[in-house]
Student: 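Quick one: structure below, then a few questions.
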Amino acid sequence: MNEHISEILRLLRNLIRIGTVSAVDAPNGRCRVRSGDNETGWLPWLSARAGRSRAWSAPSVGEQVLLLSLGGELNTGFILPGIFSDSHPAPSASADALHWSFPDGAVIEYEPQNGALKASGIQSATVQAAVSVLLDAPLVECSAKLKTATLEVTGGGTLQGNVTHSGGSLSSNGIVLHAHQHGGVKSGGDLSGGPQ
């Protein structure tokens, strides 16, 4: 009788446990968790979406998680990431912000308090669309920490509306537009020669 009660108590204790990720098998979407003296086998972790729309954010070794075990058996469990800990504290103190911090220092954050969407520390970014990309703002600014920045439009295109340029040279096909001269200039209705 006592051994049945002990077994029931063991299963109840194992239904929900806190543990730490000890290994990650990213290609198979599995990880192992150490909880007390126990280490699980390879278990799946829960994701925000896993159907036609899917989300991916693998847990990392050392991350504190919940281990949810069906029937109290640790090897039938699912991992629910993540619980902030002393070694992995919360990256924001905002009540409303969405904040993602990455191991290389990159941050993607939206703060509703000031309406700011920020992506920083990123080496490169790609926006791909089959039809169009719209930047709808009164000011679109491209800046660089280096002395020169490059804005390239490859494959051709058109620029519409009034365009004002200031603060440097503007070149077209090797001709600096504000400094070029025309040869063969005559008074009257004749056209000037080409740029020199």
Side-chain angles (χ1 to χ4, degrees), residues 21 24-29 31 45-63 81-82 84 87-196:
V21 175
V24 176
D25 177 6
N28 292 306
C31 66
W45 62 81
L46 296 176
S47 175
R49 295 293 304 274
R52 290 176 59 200
S53 297
R54 289 166 284 169
W56 174 263
S57 184
S60 52
V61 172
E63 181 175 351
F84 295 124
S87 57
H88 299 286
S92 173
S94 172
D96 298 316
L98 173 65
H99 184 107
W100 288 89
S101 294
F102 298 92
D104 65 352
V107 171
I108 298 173
E109 178 180 59
Y110 178 69
E111 176 55 72
Q113 186 174 18
N114 56 16
L117 173 64
K118 178 175 78 172
S120 62
I122 297 170
Q123 294 295 316
S124 66
T126 301
V127 176
Q128 239 176 341
V131 178
S132 67
V133 174
L134 172 66
L135 300 175
D136 187 359
L139 173 66
V140 176
E141 185 176 338
C142 297
S143 64
K145 292 181 180 178
L146 303 174
K147 294 274 185 193
T148 60
T150 302
L151 176 63
E152 291 186 23
V153 178
T154 58
T158 59
L159 190 60
Q160 298 176 354
N162 296 327
V163 177
T164 302
H165 167 264
S166 63
S169 295
L170 181 63
S171 298
S172 175
N173 295 318
I175 298 169
V176 178
L177 299 183
H178 71 276
H180 81 275
Q181 298 177 339
H182 291 267
V185 176
K186 297 181 194 177
S187 61
D190 289 346
L191 298 176
S192 69
Q196 296 177 349

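All heavy atoms count here, side chains included; hydrogens, waters and symmetry mates do not.
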Student: Compare every heavy atom of A97 with every heavy atom of E111, then report the nearest pair and how far apart it is.
Tutor: OE1-CB, 3.4 Å
Student: Are any non-hydrogen side-chain atoms of P91 and F84 less than 4.5 angstrom apart?
Tutor: yes
Student: Enter the distance from I122:CD1 to I108:CD1 here, rounded to the nearest 0.5 Å.
Tutor: 4.5 Å
Student: Any side-chain heavy-atom pair from E63 and V61 closer than 4.5 angstrom?
Tutor: no
Student: Between OH of Y110 and CG of L117, what distance do you get to the nearest 0.5 Å?
Tutor: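 Result: 8.0 Å between the selected atoms.
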Student: Tell me yes or no: between the side chains of S94 and Q113, is some donor less than 3.5 Å from an acceptor?
Tutor: no
Student: State, with a plain yes or no, whether a side-chain heavy atom of R54 is found less than 4.5 Å away from one of S47.
Tutor: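 No, every pair of side-chain atoms sits at 4.5 Å or beyond.
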Student: Any idea which heavy atoms bring A26 and W56 closest together, and the distance?
Tutor: O-CH2, 3.3 Å
Student: For residues S60 and V21, report the shortest heavy-atom separation together with the two atoms involved.
Tutor: O-CB, 3.4 Å
Student: Evaluate the side-chain proximity of W100 to S57: yes if any heavy-atom separation is below 4.5 Å, no if none is.
Tutor: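 They are in contact (side-chain heavy atoms under 4.5 Å apart), so the answer is yes.
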Student: For N162, is the CG atom crowded, meaning more than 12 foreign heavy atoms sit under 6.0 Å from it?
Tutor: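 Counting other residues, nucleotides and ligands, CG of N162 stays at 12 neighbours or fewer.
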